[in-house]
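Have a look at the structure below, then the notes.
What you see is a predicted model; the values in this text were computed from it and never measured.
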Number of protein chains: 2
Amino acid sequence: MADGSQAVVRALELVIQVGAHPDGVRLSDLAAEAGLPAPTIHRLLRALVETGFTQQDPVTKLYALGPRISALANQMAGGERLKVVSRPILERLASQTNETVFLAALDSDEVVITDCIVADATLRLGGRPGVRLPIHASSQGKAILAFLRPADAGRILARLTLRKLTRNTIDRMEDLAVELGRVRELGFAVNDQEREPGVRSVAAPILDASGSAFGAVCVGAPASRWRMDRMIERLAPLAKAAAGDISALAARYGGSET
Amino acid sequence: MADGSQAVVRALELVIQVGAHPDGVRLSDLAAEAGLPAPTIHRLLRALVETGFTQQDPVTKLYALGPRISALANQMAGGERLKVVSRPILERLASQTNETVFLAALDSDEVVITDCIVADATLRLGGRPGVRLPIHASSQGKAILAFLRPADAGRILARLTLRKLTRNTIDRMEDLAVELGRVRELGFAVNDQEREPGVRSVAAPILDASGSAFGAVCVGAPASRWRMDRMIERLAPLAKAAAGDISALAARYGGSET
DNA sequence: GAAGAACATTCCATATGGTGGAACCTAGCA
DNA sequence: TGCTAGGTTCCACCATATGGAATGTTCTTC
């Protein structure tokens, strides 16, 4: 390989492969899946076990991810650490709601999805990390905006163009200001088909130690399945609780990065 | 190298090295720390970035752990996943108490420490993952035992030898039964210098969906700093809350493995 | 308990891919 | 603009990664 890293890439991809088997996996299955001979896999696994990236159960002889992965995860900082901390809470929320749940952060004047658990239902919201949303037409954006420090919020609002995406989109600054006031009172934001027809969501802010928002938790669903009032009644408290739990654990990892 | 994995071990150790720099690190510092030439580190980093194990900030050019680590951490199962989920909660508990906190699980007839955050104080409890404790003379052991399914608890009690370690150790089965009844009522267990003079602790069980214990959260401290009644009053509720939070998030990851 | 099959581990000749010094490029600062 | 520090690319060569074959281990069946 021109790159000089064939062995390394093979080993790293083997870690990823082991990770796809939460119940453990045999050397021979790994070899078959990777299309490599057993001695090659064996040697790579030896290095992986030696460094703790994988481990081998002494009884079942199956390989699984090793303690080094969790140790590394706990060393992560910033947004990635927030994802690690938030993941179990998001998983619980997804289980409670049976809808798609999102973790989001502010990036410049947009919201970016940082983690996402897509519902199992036939009709469900899709999404994936990296997707960007307009701040004024997303529940995540409004939840964050409402709980930013006033100076930060003011800076963003000054630059914001309120593009009208649907007939429901808030496209006047006075209306947005009223909406943000309401979000602050309620502690959560809604999106009632404001970005995309047929899509509703509720989102609650994740707050740092000073009470300033640095992210949001969102539950999104098809409008056909949830009237707005029922979503507010049923899903908003769950989103708020999840955001509160994440805030309690992650306050130290946050910080506005606008 | 006789082992056929020099390049692989170097790359994996480089991940570990990057992990020790939560604020990011330069290529040249990594090279200096590892005692390897820059082109070697550069090539290894290229493979690590390509597979997501590390990433490079486009602005600062610093390397940090990448999204693959958190993705893998979220794929872990069993005890390792419990550690990942519990870590932020343990960190909060450590911060609330300024004492050493432990995550523990039952392994056969003993308690094993699975994670540990050691306090900063001059006089503090030490500990590290892997340390084993007698089940009858540790708050973790008693907390778990009291909330096991009766059949499981009975099996363990039938085999248990109540070694007397200090003058406070419970060394009669009738006394232990009474103590376990009390633990069940209170929802937490204590260790009042029962395993080691000068050491007190409180522990609360981590329960699975069926209400059966599969682990425990413990706060331990020097007896010189905490009278037992004050520990019960101040630290027990915090341990209980932490165990409750972990239980709520991790119920799916538990399961007795006695 | 013995035999067979499946799986894991070790061996080793060899070719190929990892290595690192040198050269070159880029970015930041005075 | 020139200099320095840091990062990236190049490439000859030899050290190491490779994988087929042999050997060892474990499990299952009779």
Side-chain angles (χ1 to χ4, degrees), chain A residues 1-68 77, chain B residues 1-68 77-78 257:
Chain A
M1 178 179 267
D3 207 354
S5 50
Q6 175 183 254
V8 171
V9 170
R10 277 182 171 174
L12 298 172
E13 285 177 345
L14 191 58
V15 178
I16 294 163
Q17 200 184 338
V18 170
H21 295 272
D23 299 322
V25 62
R26 286 183 312 181
L27 185 151
S28 49
D29 290 334
L30 291 170
E33 285 171 17
L36 293 172
T40 302
I41 297 295
H42 186 254
R43 184 172 50 250
L44 296 177
L45 280 172
R46 233 169 26 212
L48 293 175
V49 169
E50 180 188 318
T51 48
F53 282 80
T54 64
Q55 63 185 341
Q56 187 177 25
D57 185 290
V59 177
T60 63
K61 300 297 162 72
L62 301 182
Y63 289 91
L65 294 176
R68 181 64 67 185
Chain B
M1 179 181 266
D3 207 352
S5 50
Q6 174 183 251
V8 171
V9 170
R10 277 182 171 173
L12 297 172
E13 285 177 346
L14 191 58
V15 179
I16 294 163
Q17 199 183 337
V18 171
H21 295 273
D23 300 322
V25 61
R26 287 182 313 180
L27 184 150
S28 49
D29 290 333
L30 291 169
E33 285 171 18
L36 292 172
T40 302
I41 297 295
H42 186 253
R43 184 173 49 249
L44 297 177
L45 280 173
R46 233 169 26 211
L48 293 175
V49 168
E50 179 189 319
T51 48
F53 281 81
T54 64
Q55 64 187 338
Q56 188 178 23
D57 185 290
V59 177
T60 62
K61 302 296 162 78
L62 300 182
Y63 289 91
L65 294 177
R68 180 65 67 187
E257 274 164 359

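- Taking CG from Leu30(B) and OG1 from Thr40(B), the interatomic distance works out to 12.5 Å, rounded to the nearest 0.5 Å.
- At the heavy-atom level, Pro37(B) lies under 4.0 Å from the strands shown only through sugar-phosphate atoms.
- Phosphate contact (OP1/OP2 of dG20(C), side-chain N/O of Thr40(B), threshold under 4.0 Å): present.
- For the pair Leu62(A) CG and dA6(C) P, the computed distance is 18 Å after rounding to whole Å.
- Side-chain atoms of Arg46(A) lie closest to dT10(C) of the nucleotides dT10(C), dT16(D), dT8(D).
- Side chains of Glu50(A) and Val9(B) form a contact here, defined as non-hydrogen atoms less than 4.5 Å apart.
- Under 4.0 angstrom from either OP1 or OP2 of dT8(D) there lies at least one side-chain N or O belonging to His42(B).
- One can place CG of Leu45(B) at 10 Å from P of dG7(D), the figure rounded to the nearest angstrom.
- Out of dT8(D), dT19(C), dA17(D), the shortest distance to the side chain of Arg10(B) is found at dT19(C).
- Whole-Å rounding puts the Leu48(B) CG to dG18(C) C1' distance at 15 Å.
- Contact annotation: Arg26(A) side-chain N/O to dA8(C) OP1/OP2 distance is not under 4.0 Å.
- In terms of heavy-atom proximity, Gln17(B) sits nearest to Asp29(B) at NE2-O, 4.4 Å.
- Per the geometry, CZ belonging to Arg43(A) stands 12 Å off C1' belonging to dC12(C), to the nearest Å.
- Atom CG of Leu30(A) and atom P of dA6(C) are 19 Å apart (whole Å).
- Arg26(A) places none of its side-chain heavy atoms less than 4.5 Å from the side chain of Lys61(A).
- Nucleic acid contact class of Ser28(B) (heavy atoms, under 4.0 Å, all strands): sugar-phosphate only.
- The interatomic distance linking Gln56(A) (CD) with dA8(C) (C1') rounds to 9 Å, in whole Å.
- Following rounding to the nearest Å, Leu44(A) (CG) and dG18(C) (P) show an atom-to-atom distance of 11 Å.
- Of the candidate nucleotides dA17(D), dT9(C), dA22(C), dT9(C) has the atom nearest to the side chain of Leu27(A).
- Here the side chains of Thr54(B) and Val18(B) are in contact, with some heavy-atom distance below 4.5 Å.
- The side chain of Pro39(A) has dG20(D) as its nearest neighbour among dG20(C), dG20(D), dA17(D).
- Here the C1' atom of nucleotide dG6(D) and the NZ atom of Lys61(B) are 11 Å apart, to the nearest Å.
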